Amino acid sequence: MSAGRYNIKGKQYLTQQSKYYAVDIGLRNVLVRGKDSDVGHILENIVYLELLRRGYRVYVGQMSDGEVDFVAISSEETIYYQVAATTLEESTLERELAPLRKIQDNYPKYLLTLDELFNNVDYEGIKKRNVLEWHLKKSQ
């Protein structure tokens with residue numbers, strides 16, 4: 001499956017450079033051998049599939065100097081998501097928060113990780129949540 005690009009500043013859909021995600025993670029693991037520490041990409045793939053299951057149109061957020069993992073759009077809302085295996089290291093946390101901080105609108109912004117420590121924190125309006133808990137909830 002592919003996620004198209006969405007220009008966050010211009011609020012327009014882009015037709016180039018889609019990002020591809022596997023429908024079946026098990027099949028992906030068979031095809032991508034030797035990637036034992038690929039947890040971040042697998043997690044991103046799972047979040048993508050969950051957002052689709054929840055009924056969102058899902059895009060990769062394009063910015064002039066980077067990207068946001070997902071822009072989830074429905075008829076009622078738009079939500080931004082960054083996904084990382086862990087952000088317990090300060091440098092990783094800052095790298096993952098940086099694109100969300102650059103967005104100049106008031107749509108909700110989430111950082112989803114496997115972290116159990118500091119998993120329910122708000123960084124200047126960006127909500128960090130444990131991805132497993134998020135996955136089990138019906139919204140957000």
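Start at 1 with the first residue, then count along the sequence. All figures in this text were calculated on a predicted structure; none of them were measured in a lab.
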My understanding is that only residues two or more places apart in sequence, or in another chain, count here; which of them pass side-chain contact (heavy atoms from CB on, under 4.5 Å) with [X]?
X      : result
Arg101 : Glu94, Leu97, Tyr123, Glu124, Ile126
Ala84  : Thr87, Glu96, Thr113
Glu76  : Ser74
Leu43  : Val83, Leu114, Val131

Rounded at 0.5 Å granularity, tell me how far CZ in Arg129 sits from CG in Leu112.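 Answer for the CZ-CG pair, Arg129 versus Leu112, is 9.5 Å.
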Indicate yes or no: does Glu50 engage Arg54 in a salt bridge with an N to O separation below 4.0 Å.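 The answer is yes: the pair qualifies as a salt bridge.
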Any non-hydrogen side-chain atom of Asn120 less than 4.5 Å from a side-chain atom of Glu133?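 Side chain of Asn120 against side chain of Glu133, heavy atoms only: no contact under 4.5 Å found.
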Are the side chains of Tyr59 and Thr78 in contact, using a 4.5 Å heavy-atom criterion?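 Thr78 does not reach Tyr59 side chain to side chain.
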Residue pair Asp69 / Gln82: nearest heavy atoms and the distance that separates them: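 Of all heavy-atom pairs spanning Asp69 and Gln82, the closest is N-OE1, 2.6 Å.
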Where do Gly61 and Val71 come nearest, in terms of heavy atoms and distance?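 Taking every non-hydrogen atom into account, CA-CG2, 3.6 Å.
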Which residues satisfy the side-chain hydrogen bond (donor to acceptor under 3.5 Å, both in side chains) test with Lys127, sequence neighbours excluded?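 Checked Lys127 against side-chain hydrogen bond (donor to acceptor under 3.5 Å, both in side chains); zero matches.
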Let's go through Thr92 and Thr86 carefully: what are the C-alpha distance in whole Å and the side-chain angles of both, what is the deciding distance for side-chain contact (heavy atoms from CB on, under 4.5 Å) to 0.1 Å, and is it a yes or a no? CA-CA 8 Å; Thr92 305; Thr86 183; 5.8 Å; no
Using the ring pair (Phe, Tyr, Trp, His ring centres under 6.0 Å) rule, pick out the option among Phe70, Tyr107, Tyr110 that qualifies with Tyr81.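 The single option meeting the ring pair (Phe, Tyr, Trp, His ring centres under 6.0 Å) with Tyr81 is Tyr110.
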Any pair counted as salt bridge (Lys or Arg N to Asp or Glu O under 4.0 Å), so long as it reaches residues 111-123, sequence neighbours left out: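 Residue pairs with at least one partner in residues 111-123: Asp115-Lys128.
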